Amino acid sequence: MSALSLPILGVPVRSSLSFSSPTILFPPFSVRAKNLSSRFFICQASNGTNPTSETVFAVPTISVDNSEEDESTSFVIRARNRIGLLQVITRVFKVLGLRIDKATVEFEDDYFTKTFFVSDSHGNKIENLESIDRIKKALMDAIGGDDLTISTGPATRGIVVRKPGLLSSSLDRTAKAERMFELMDGFLKNDPVSLQKDILDHVEYTVARSRFSFDDFEAYQALSHCIRDRLIERWHDTQIHFKRKDPKRVYFLSLEYLMGRSLSNSIINLGIRDQCADALSQLGFEFEVLAEQEGDAALGNGGLARLSACQMDSLATMDFPAWGYGLRYQYGLFRQVILDGFQHEQPDYWLNFGNPWEIERVHVTYPVKFYGTVEEDISNGEKYKVWIPGEMVEAVAYDNPIPGYGTRNTITLRLWAAKPSNQHDMEAYNTGDYIDAVVTRQRAETISSILYPDDRSHQGKELRLKQQYFFVSASLQDIIRRFKDGHKDLNQFPDKVALQLNDTHPALAIPEVMRILVDEERLGWNEAFDITCKIFSFTTHTVLAEALEKIPVDLLESLLPRHLQIIYDINSHFMEELKRRIGLDYNRLSRMSIVEEGAVKSIRMANLSIFCSHTVNGVSRLHSELLQTRVFKDFYEMWPEKFQCKTNGVTQRRWIVVSNPSLCALISKWLGTESWIRDIDLLMGLREYAADISLHQEWQMVRKINKMRLAEYIEATSGLKVSLDAMFDVQIKRIHEYKRQLLNIIGIIHRYDCIKNMAKDDRKKVVPRICIIGGKAAPGYEMAKKIIKLCHAVAEKINNDSDIGDLLKLVFIPDYNVSVAEMIIPGADLSQHISTAGHEASGTGCMKFLMNGCLLLATADGSTVEIIEEIGEDNMFLFGAKVHEVATLREKGSTIKVPLQFARVVRMVRDGYFGFQDYFQSLCDTVEGSNDYYLLGADFESYLEAQAAADKAFVDQKKWTQMSILSTAGSGRFSSDRTIQDYAEQTWGIEPCRCPL
């Protein structure tokens with residue numbers, strides 16, 4: 001057998017290999033250079049023959065044999081064995097686009113001989129000698145590089161000496177600038193080969209791993225940095241464009257953002273999903289697997305936080321000049337762990353493995369003050385206030401690029417982290433008080449550590465207030481600094497700045513702006529207040545007056561003494577204005593006052609926000625009506641022009657394109673365009689094909705694929721196998737009594753009881769159901785935790801009952817978050833949104849299900865009322881009391897006659913049918929008689945009727961599919977793009993500022 005035998009000990013050089021020979025096709029790649037000393041020698045016999053076995057194994061060798069008659073070239077590799085080496089070699093072949101037809105391995109002590117029979121991408125032998133030589137060099141670099149490293153002496157510290165005249169003052173600055181632009185003239189390329197090179201460069205230089213040996217997580221990190229590089233290019237261009245055009249900007253202030261994962265969303269918005277998948281495939285990785293390596297950025301809880309994320313996506317996509325501000329919590333929303341059916345909370349260490357999407361701006365820091373005293377000083381004959389703080393911390397910026405879809409615009413979400421003041425650190429170290437310095441650092445960093453600190457204690461309330469002020473102080477300093485970069489007259493501030501308060505959490509921004517304008521900029525009170533009222537707009541998410549945020553005066557006086565003075569001054573101004581308009585109606589004055597008198601004197605943050613904002617809005621039409629007629633009735637009667645409705649929306653890019661790519665492709669196919677991804681009103685075009693049998697077949701196939709994916713996830717998380725023929729009935733949201741997960745569970749128990757008592761022949765007529773519930777209970781919310789436990793106790797009984805079989809299963813999905821929602825929502829057939837009417841402000845969850853063609857079983861609450869108008873009652877399953885009926889039903893209390901089925905189920909739970917008899921007694925008490933505040937018993941009969949209607953429709957798959965198509969077709973109104981357009985036109989007064997391509 002003749003062989004091309006060559007022990008490779010030459011110097012591999014970094015080069016981009018591209019072969020013109022038709023015999024081998026593989027993408028360019030790079031290999032690392034090692035500068036080997038001349039003292040290295042080739043272990044080869046002097047007579048030119050192959051080395052002896054001892055010599056061969058001292059240094060790895062690679063032989064190539066093309067003598068066989070088959071279509072493969074054999075690569076014989078002899079080297080010392082080590083764990084993972086086989087995987088390294090096969091990955092090299094994959095990177096080069098070569099196919100391994102077969103392989104053999106022989107071992108001798110610690111050494112091996114591995115023979116790989118390889119062909120090119122066309123299935124042919126590799127005969128080009130130059131190609132063979134370069135393949136061998138790549139293999140040697142992967143398997144033998146470490147064996148070749150020889151120390152030539154102790155390392156020495158390098159010293160760089162600047163040569164005279166190299167950077168002299170006479171250097172032509174113009175030539176330097178031209179050279180810089182020449183080097184940077186062009187963007188990173190997005191073809192698969194360029195992406196591969198960038199990914200491998202990040203593997204080696206950012207992740208610091210060998211490009212021939214890295215795992216899925218390291219590949220995810222490299223890919224994320226590769227994508228981030230492209231975001232940064234667009235980001236810089238966008239900010240430069242904004243600065244040049246100087247448009248009015250909106251600053252979105254929110255303490256919560258549920259961003260979810262960034263990789264898939266960024267790649268899709270950049271329009272390079274297919275290129276990335278191809279690049280990764282050739283490197284031996286799957287895009288979907290790498291996307292799963294990313295953790296959720298759970299910097300919020302529920303609809304308010306997810307709404308913030310959707311609105312940032314829409315602001316970028318619609319080219320509006322915008323910034324988002326929030327807190328960079330070290331620990332996100334807790335991880336939910338279920339043990340024996342009980343919820344346990346664990347910290348969410350989401351930053352443990354780094355966050356490749358953020359950029360720490362160490363040079364963007366602002367001091368934030370707390371405590372202290374307020375003194376009076378005189379300057380130019382005028383008195384003014386000086387706040388002498390008792391504590392200072394530093395706010396450090398972490399920027400997250402938010403790309404738009406179909407545009408180069410990439411905006412900023414800036415999150416603040418708290419660090420100790422350098423001044424205090426130096427004082428402590430200079431006096432030798434190191435312990436105090438460490439304690440101070442820990443106390444400062446605590447401010448941005450925890451999302452939702454337990455505010456049942458004074459310390460918890462103080463930390464929450466510290467978070468709120470820290471966030472608004474840093475944000476406003478940044479906003480005003482940016483304004484001053486291009487403007488000197490603060491009277492122009494309202495012409496260039498709009499500040500959006502996302503609920504009352506950022507409401508301290510109002511007195512903070514007043515403090516800056518009056519105390520630091522020395523504007524007169526009336527002038528400062530006029531500016532303040534022109535820049536703020538306020539979105540409230542609260543339904544019940546008793547849930548509105550209040551801050552105890554004594555706490556505010558201790559932590560922010562100057563702000564309390566300003567709030568008192570604002571309230572005094574407010575009361576004087578009210579007296580002029582309504583006279584001495586003391587009851588109304590008391591209700592509207594920003595300061596609430598009582599056992600605990602408090603500041604009503606919502607009243608402050610309404611008075612000092614030019615616009616106030618609810619988040620659905622029903623919610624806005626409740627604000628005007630109940631919650632803020634007095635304010636609405638005084639300033640009806642302030643109140644608006646901005647129904648929430650969700651982004652179709654996250655909730656269809658990312659989470660349901662099969663449906664996305666199907667929609668684009670039938671509409672003949674992908675333009676609906678930016679112009680979602682085009683979805684209405686699906687109505688034309690709603691009865692088309694061909695679309696029905698494709699639609700059902702997409703739904704089946706998504707159900708398969710969800711079924712696999714259920715089996716992986718719970719061990720339960722479920723039937724794809726069953727109806728997937730889903731309720732996923734925060735566990736709360738008003739959201740009525742308990743009503744769902746009682747309905748499931750009733751269904752179980754009915755099936756259990758049926759004759760076998762009757763059971764054949766039952767529509768199989770997989771009931772899926774997911775959500776987290778607040779750590780201190782005992783009733784919500786009992787609902788979770790009841791769900792598990794019922795599931796344990798039902799899922800192990802052989803009489804029931806596949807007719808009914810109950811699954812609780814643990815640790816529900818955005819990424820889990822992206823898995824569940826596309827696979828759901830029916831989704832329940834069953835809050836007591838008048839308690840849900842909007843409810844964006846139903847919009848996500850609607851977009852994905854899931855049918856809704858719902859009460860007429862929140863945004864569901866508008867969904868009914870858009871798709872019609874015939875395409876939903878409605879039940880329950882209306883908003884205007886709830887108060888009357890509550891007044892009736894125990895006189896309401898509840899259905900016997902409801903009473904029977906509650907008795908089953910109370911009597912211990914599902915175990916834990918004593919534990920569930922208090923839960924049963926909440927739904928019996930006058931204690932049934934959320935009207936589970938009153939709505940139960942109607943609820944069962946809606947469930948029966950859903951069963952009947954599901955049997956008729958033609959009807960069900962048509963209803964599903966019409967649901968998606970009618971979802972365009974509930975896009976966050978529409979919400980943002982309304983805000984921009986009616987509230988903020990901003991216009992698009994599109995970055996040129």
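None of the values given here were measured: they were computed from a predicted structure.
- Between Leu710 and Ile770 there is no side-chain heavy-atom pair separated by less than 4.5 Å.
- No side-chain donor-acceptor contact under 3.5 Å links Thr238 and His236.
- A donor-acceptor contact under 3.5 angstrom links the side chains of Ser314 and Ser976, judged on distance only.
- Tyr983 and Asn617 share a side-chain donor-acceptor pair at under 3.5 Å.
- Remark: Phe483 pairs with His487, Phe493 by the ring pair (Phe, Tyr, Trp, His ring centres under 6.0 Å) rule, at least two apart or across chains.
- With respect to the salt-bridge test (charged N to carboxylate O, under 4.0 angstrom), the residues Glu822 and Arg654 qualify.
- For Val730, the side chain to side chain contact (heavy atoms under 4.5 Å, CB included) criterion is met by Ile732, Ile772, Ile824, Ala828, Phe849, not counting sequence neighbours.
- With rounding to the nearest 0.5 angstrom, the CD atom of Gln981 is 9.5 Å from the CD atom of Gln986.
- With rounding to the nearest 0.5 angstrom, the CG atom of Leu857 is 5.0 Å from the CD atom of Gln832.
- Among residues two or more places apart in sequence or in another chain, the side-chain hydrogen bond (donor to acceptor under 3.5 Å, both in side chains) test is passed with Asp198 by Arg230.
- Side-chain N/O atoms of Asp977 and Gln652 include a donor and acceptor closer than 3.5 Å.
- Atoms CG and CD1, on Leu499 and Ile535 in that order, are 4.5 Å from each other to the nearest 0.5 Å.
- Thr987 and Gln644 form a side-chain donor-acceptor contact under 3.5 Å, judged by distance and modelled atom types alone.
- Remark: Ser264 pairs with Phe287, Ala291, Val658 by the side chain to side chain contact (heavy atoms under 4.5 Å, CB included) rule, at least two apart or across chains.
- Because its NZ or CZ atom is not both nearer than 6.0 Å to the ring centre of Trp960 and within 45° of the ring axis, Arg703 does not count as a cation-pi partner of that residue.
- Lys739 and Gln731 form no side-chain donor-acceptor contact under 3.5 Å, judged by distance and modelled atom types alone.
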Indicate every side-chain donor-acceptor pair of residues 269-280 with a distance under 3.5 Å to a residue at least two apart or in another chain.
residue : atom : partner : partner atom : Å
Asn269  : ND2  : Asp313  : OD1          : 3.2
Asn269  : ND2  : Pro403  : O            : 2.8
Arg273  : NH2  : Glu288  : OE2          : 2.8

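- Partners of His696 by side-chain hydrogen bond (donor to acceptor under 3.5 Å, both in side chains), not counting sequence neighbours: none found.
- In this structure a side-chain-to-backbone donor-acceptor pair under 3.5 Å is missing from Asp503 to Leu304.
- Scanning for ring pair (Phe, Tyr, Trp, His ring centres under 6.0 Å) contacts around Tyr816 gives an empty result, with sequence neighbours left out.
- For Glu869, the side-chain hydrogen bond (donor to acceptor under 3.5 Å, both in side chains) criterion is met by Arg621, not counting sequence neighbours.
- Judged by a 6.0 Å distance limit and a 45° cone about the ring axis, Arg249 is not positioned over the six-membered ring of Phe320.
- Contacts of Phe643 classified as ring pair (Phe, Tyr, Trp, His ring centres under 6.0 Å), with partners at least two apart in sequence or in another chain: Tyr636.
- For Trp235, there are no ring pair (Phe, Tyr, Trp, His ring centres under 6.0 Å) partners two or more places apart in sequence or in a different chain.
- Asp229 and His202 share a side-chain donor-acceptor pair at under 3.5 Å.
- With a 6.0 Å cutoff to the six-membered ring centre and a 45° limit on the axis angle, Arg414 does not count as a cation-pi contact of Tyr325.
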Derivation and outcome, salt bridge (charged side-chain N to carboxylate O under 4.0 Å, His left out), residues Arg408 and Glu233: CA-CA 9 Å; Arg408 285 197 64 79; Glu233 285 184 335; 5.0 Å; no

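- Using a 3.5 Å distance cut-off with no hydrogens or angles, the side chains of Ser281 and Glu286 do not pair a donor with an acceptor.
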Compile the donor-acceptor pairs under 3.5 Å between side chains in residues 660-669 and protein atoms, sequence neighbours left out, one pair per line.
residue : atom : partner : partner atom : Å
Asn660  : OD1  : Leu663  : N            : 3.3
Asn660  : OD1  : Asn706  : ND2          : 3.0
Asn660  : ND2  : Asn852  : OD1          : 2.9
Ser668  : OG   : Cys664  : O            : 3.1
Ser668  : OG   : Trp676  : NE1          : 3.0
Lys669  : NZ   : Glu698  : OE1          : 2.9
Lys669  : NZ   : Glu698  : OE2          : 3.1

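- Shown here are the side-chain hydrogen bond (donor to acceptor under 3.5 Å, both in side chains) partners of Glu674, two or more places apart in sequence or in another chain: there are none.
- Taking CD1 of Ile199 as the reference point, atom SG of Cys226 lies at 5.0 Å (rounded to 0.5 Å).
- Atoms NZ and OG1, from Lys642 and Thr615 in turn, are 8.5 Å apart once rounded to the nearest 0.5 Å.
- In this structure, the side chains of Ile677 and Arg653 come closer than 4.5 Å at one or more pairs of heavy atoms.
- No side-chain donor-acceptor contact under 3.5 Å links Thr864 and Asp861.
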